[in-house]
Amino acid sequence: MEALEQLKARVEAAVPGAQAEIVPNGSPANQPSLSLDCGHARTVAEFLRDDPDLRFDYASNVTGVDWPEKTIKEKIKVKKLVSGVEKEVEEVCERKTPAYLEAVYHLYSMARKHGPLILRLRTENRSDKVTLPSLTPVWRSCEFQEREIFDLYGIIFEGHTDLRRILMWPEFTDHPMRKDYVEPDDYEYEPTPHDDVLTRARQHYPGGTPA
Amino acid sequence: MSGLHQILVWIGEITGIIVVFGSCFALTTIAERKILGRMQNRFGPNRVGPWGLLQPLADGLKMITKEDIVPFSADKTLHFLAPLVLTVPIWLAFAVLPFGRNMSAIDLDAGILFFFAIGSASELAVFMAGWSSQNKYSLVGAMRAIAQMISYEVPLVLSTVPVLMLAGSLSLNDIVAAQGTHTYLGLACWNVFTPWGLAGFLLFLIAATAESNRSPFDLPEGESEIIAGFLTEYSGFKYALFFLGEYLGLFAMTGMAVTLFLGGWHAPFSWLEWVPSWLWFGVKFGALIFLFIWVRATLPRLRLDQLLNFSWRFLVPLCLINLLVAAVWFWTRGWNSVPALLIRWLLGAAFIVLPWHWLGQALRGPLPPPRKYTYAE
Amino acid sequence: MIAPSATLELGESGEPQLLEVSLGPQHPSTHGVFRMDVSLDGETVVKLKPVFGYLHRNHEKIAEKCSYLGSIPYTDRLDYICSLTNNWAYAMTVEKLAGLGVPERAEYIRVILSELTRLINHSALAGFLLQDMGALGTPLMYAFREREKILDLFESLTGARMMCNYMRFGGCRCDLPPGWIEQTKNLVANFPKFLDEFESLLTGNEILRARTEGVGVLTPQLAVNAGVTGPMLRATGVNYDIRKVDQYGVYGRFKFRVPLGERGDVFDRYMIRILEMRESLKILEQALRDIPAGPIIDPKAKLRNLRPKAGEAYGRIEGPKGELGFYLISDGGPNPYRYRIRPPSLINLTILEDMCLGRTIADAVVILGSVDIVLGEVDR
Amino acid sequence: MNGAGIIKGMIETARNFVGSYHDKARLTTVQYPEEKLPPVENARTIPFLVFDGDEAMAGLRCTACQICEKECPPQCIYIIKDPVKKPDYVGKMQIQPKVFDIDISVCMSCGICVEVCPFDAIKMDQVFELSTKDRFGALLLDKTQLAKPNDYFVKLHKTEASEIDVRRDDEKRKAEAAAAAKAAAPKPPAAPGGAK
């Protein structure tokens, strides 16, 4: 499997209008990934599966990841008039990273036996525009995993054959794997309440935990 | 014999049968679990009483004290009657079996007819149980039971026809008497030592296993597919009654197999005749019960369509061919010298083995090429 | 296969009268709390929708609150029949994420333990498959008799029979007790006797062949596209075994073969697992023969507050049930930002409906048995 | 032959049936209450606190550093420090736990607390008959119920225990030697007057 750059070039050549950008990976496992835009995701996927010498016919793993809004304090050099003299000065400024939900696809080729190609599809934001093109028509193995992402993260996959909740019961409304999910306060008595369990114990039994 | 004396004799016979086969039911439940255990590298129940002998008592008490749940939407009367309709007729079937020399309750001259007429009442009971429980699994179980029992009634009865023809009578005592003579070095000439007898015996056993819902054919209560089939909604004493009915059905079938093919209460060798006759019946009876338990420990279950194909396309034709073999045997009854007997035996055997092979192929269809497994480096 | 009755009896309101049965979470042969909404026409399956979630503990959310070390005992509870392969998959992914090396002896111990786990899983599966088919527990008890011997080995090494919690990042927790290797050697020596006994009891059995041949056939194209992995995939003839593809750990040094099936039906899956057990025995002999001495954990591997650099890693192994993968995203903190498990049991169930349509209830139960699922891994 | 496979299977179960009466390998059941499996050295069920000497509460090795409480995955250990210090085996003043509870209904016997404990204060027990009638109180073992003497630990895990004892003894000997040396040499530093 050639390097990711050539692969990106091949994808953009094969599917006109597809924007693919390489997302670096800091860990020593060095598995950089390819972020695709939502419009052409399915055509790129079909190309990757049907191209004779790529033949990514096996979508091994589909993962949902939640990137909430984070404020990063950054030191950036800024030219400022400091007591009338133009000087480079370190300044800390907050920068809000864009918040989005992400679906990560790990593709392998069983025919060519070559390693993971990682695709990332990102939604516009975390609240209302959370739809992504489903890749189940391309790889049938994404069916249950995309249903699980819909269930636990709330990404709506349009084009999915049968998008229902898979793990939680149908009447459940929230998405438990999101970082800002608040557990329901179904508190059960626990003999060793400490830190957060202790606080909930006090709320429930103001008079002190029962014997 | 005066009226009163006659009644006392009947009461004695009835209590005798109920006591013997009631305790035999208790013993068989514990024997089955211990033998199954031993075949599966474990002990089987050995906590209640010495070697677990009081286990049936414990089971009985548990069954009586367990709550008897009747589903709300069930058809109450049918649900209540089903175990009775199954168990009571089976007791009647024991009336005609000859357990020892002139030890049969009633000496009917059409004993076999009576036995099979009574035997077919259990199908109605099973369907009543399945239908009245208003449970999907019970319904599927009841449907399976009807299909299985009807299609295995035919080979059951057909496999006994050669015995009747050659014994010349429907009465069980005459059949046992017909097997009473002894040949060389005292070997008794039971029906099972003749080609048609051996084939009939095997066919009868297979059909009897299906009739009493035992292992390779326990589809009506296939517990790995439809929970407990028609027994799903039964608990407490009704469940125990069903089991009593099932085991009694098994005893009746085994008793019939012993009477028809294994020479009833006759000893295998003439110089063993001094042993009491009912003991021989017991030994052969126990051997067959062990065979049923052994089959239960080994074989997986058949699927419904395979079960029906097996009966209609394999057992019934074989039973009919068995009639032909019996005819050949009867036609060559004059050959008494040893080589003649040998030829007579081989002729009969050939008539049965070849169709058995061809029918097996026809049943299974062309043998698929043996599975070859390639190995990738 | 029973041809579905051409004309379904139509109810009064015109739609076909089907028997809606839920082979419910509480059912003798669903291998745990797994439900199938089945609608039957007589005995033939017309619709089959699997329902999961009864054993969902949200293991991934717990792992996001736990430290890297704290998640290892939880991985035992994923596929609770083969806890050591789960540990290895997780430990390998964290080693990839943090860039830790593993000494030789630890790699050999890992191979030995995962092959022993494969023996447990495949023999237990063959037993459960026959239990679904109606053989009252005899094959299952033979399988459990052998499984007990292996579990005793695990207990003397890791301390627990099933919840081993043995692998750490950079190696293993403790070294082999004296005499462990000899016990394992003679276990491996007389395991084939059990396999022959098992095969003579089952493989020739006409009823078993009648119940399994041609049942639940899976085509290679559908299998690959549906992400089916493990013995189920190799039963359809696709040559894909991650031990050979990735050569992770020290699998490259061992000479063993990968059995491939022909028709991909339930009988092939059963036979592939039996043949794979024989191959695992070969690996075990070679591994036990030339296991080196030496440290069992990388000296510079830190046990507590491991903080890998920000980044992500996807590690996978050939678990007994298929490709078991872990995908970890770290943001430099003590606990993982995202902890994802690729469950082979769940993904192998994608095509359960395709295999069961048009067959009877008895076949649907047998096909489910041959897929080999464990609900701890399906629901996580 | 049609029935060959079935007959082979029947012979197999028959061999097992007959074998179970004389062949030890074919009957592997251990009758639990009467016969018990031999204890396995590495086995682990629930943790217990080790104490030296004979008096439990004084000899506790635990110094309430709460590492095990932080590292325990199901968070079933609960420690409150006791400000009063006491000398440990090397003579250094150490904190001791006022409350040390383990909720054995939550504990999953993973043994991580044993690995991370720097003072060898907590070890894994092998008792498995833990059933009680009370769902809460009886399953919450406090300090006194958890404490077990060191020779019980030696009896359970011989190899590990002997290594620890050897290490602790020569540390104690080194500490005493250092204390003796310090006691023997207070005079010379006093003479040169604080020459560091």
Side-chain angles (χ1 to χ4, degrees), chain A residues 23-33 49 55 57-67 70 102 104 106 108-116 118 120 136-145 147-149 151-152 162 164-170 172 176-179 181 183 196, chain C residues 49-54 56 58 60-61 64 93 95-100 220-229 233 238-240 242 244-246 308-316 323 325-332 337-338 340-343 346-351 354 378-380:
Chain A
V23 176
N25 169 13
S27 80
N30 71 30
Q31 294 169 339
S33 44
R49 185 190 58 179
R55 295 240 344 102
D57 47 13
Y58 165 47
S60 149
N61 182 17
V62 185
T63 319
V65 188
D66 174 15
W67 301 96
K70 277 208 301 293
E102 189 182 52
V104 185
H106 286 77
Y108 283 85
S109 161
M110 282 200 185
R112 294 283 179 281
K113 300 228 176 352
H114 49 237
I118 303 168
R120 305 184 100 88
T136 305
V138 183
W139 294 290
R140 180 81 189 283
S141 63
C142 308
E143 182 186 343
F144 280 174
Q145 301 179 69
R147 271 178 65 188
E148 185 180 336
I149 297 172
D151 185 355
L152 301 184
D162 142 36
R164 288 180 284 128
R165 280 192 181 271
I166 190 167
L167 289 176
M168 306 305 268
W169 59 96
F172 190 76
M177 279 296 283
R178 287 200 182 181
K179 293 287 179 187
Y181 171 72
E183 275 112 16
D196 63 343
Chain C
K49 282 277 174 271
V51 178
F52 311 103
Y54 289 94
H56 177 54
N58 212 339
E60 291 163 0
K61 189 95 178 172
E64 276 172 12
T93 313
E95 280 150 14
K96 251 188 192 174
L97 189 68
L100 296 170
Q221 297 75 17
L222 175 62
V224 167
N225 196 296
V228 171
T229 51
L233 178 71
V238 177
N239 171 15
Y240 193 74
I242 298 170
K244 293 277 181 183
V245 170
D246 284 2
K309 291 203 302 300
E312 58 170 55
Y314 179 71
R316 61 180 194 159
E323 174 194 321
F326 276 80
Y327 175 51
L328 295 175
I329 300 179
S330 146
D331 60 355
Y337 183 79
R338 172 70 169 112
R340 152 79 178 159
I341 301 140
R342 186 225 183 248
L346 176 70
I347 295 166
N348 288 351
L349 277 176
T350 323
I351 31 101
D354 303 45
V378 168
D379 289 348
R380 281 179 310 283

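Letters A, B, ... mirror the listed sequences (proteins, then strands); counts begin at 1. Reckoned from all heavy atoms, side chains included, excluding hydrogens, waters and symmetry mates.
Proximity to chain C is absent for every atom of A:Asp151, based on heavy atoms less than 4.5 angstrom apart. Looking at C:Leu233, only its side chain comes within 4.5 Å of chain A, counting heavy atoms on both sides. Only the side chain of C:Asn58 comes within contact range of chain A, with at least one heavy atom under 4.5 Å from a heavy atom of that chain. Using a 4.5 Å cut-off between heavy atoms, C:Ala310 touches chain A through its backbone atoms (N, CA, C, O) alone. For C:Tyr337, the parts lying under 4.5 angstrom from a heavy atom of chain A are both the backbone and the side chain. For A:Met110, the parts lying under 4.5 angstrom from a heavy atom of chain C are both the backbone and the side chain. Using a 4.5 Å cut-off between heavy atoms, A:Glu143 touches chain C through its side chain atoms alone. Using a 4.5 Å cut-off between heavy atoms, C:Gln221 makes no contact with chain A at all.
Residue with the most contacts toward chain A among C:Ile329, C:Val228, C:Asp246, C:Val51: C:Ile329 (heavy-atom pairs, distance under 4.5 Å). The most heavy-atom pairs under 4.5 Å with chain A, out of C:Arg316, C:His56, C:Lys244, come from C:Arg316. Per-residue counts of heavy-atom pairs under 4.5 Å with chain C were compared for A:Lys179, A:Arg165, A:Arg164; the largest is that of A:Lys179. No other option in A:Cys142, A:Pro24, A:Ser33, A:Gly26 has as many heavy-atom pairs under 4.5 Å with chain C as A:Gly26. Of all the listed residues (C:Asn225, C:Thr93, C:Val238), the one sharing the greatest number of non-hydrogen pairs under 4.5 Å with chain A is C:Asn225.
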* Asked: Step by step, would you call A:Phe144 with C:Ile347 a side-chain contact (heavy atoms from CB on, under 4.5 Å)?
  -> CA-CA 7 Å; A:Phe144 280 174; C:Ile347 295 166; 5.6 Å; no

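Salt bridge present: A:Arg140 and C:Asp354 bring a charged side-chain N and a carboxylate O closer than 4.0 Å.
When atom types are taken as modelled, the side chain of C:Lys61 and the backbone of A:Arg178 share a donor-acceptor pair closer than 3.5 angstrom. For the pair C:Arg340 (side chain) and A:Val62 (backbone), a donor-acceptor distance under 3.5 Å is present. Not a single donor-acceptor pair under 3.5 Å links the side chain of C:Ser330 to the backbone N or O of C:Gly311.
Two residues are said to be in side-chain contact when any heavy atoms from C-beta on lie closer than 4.5 Å; A:Ile118 and C:Tyr314 fail this criterion. Within the 4.5 Å cutoff, the side chain of C:Tyr327 has no heavy atoms near those of the C:Arg342 side chain. Under the 4.5 Å side-chain criterion, counting only non-hydrogen atoms from C-beta, A:Ser60 is in contact with C:Glu323. With a 4.5 Å cut-off on side-chain heavy atoms, C:Arg338 and A:Glu102 do not count as touching.
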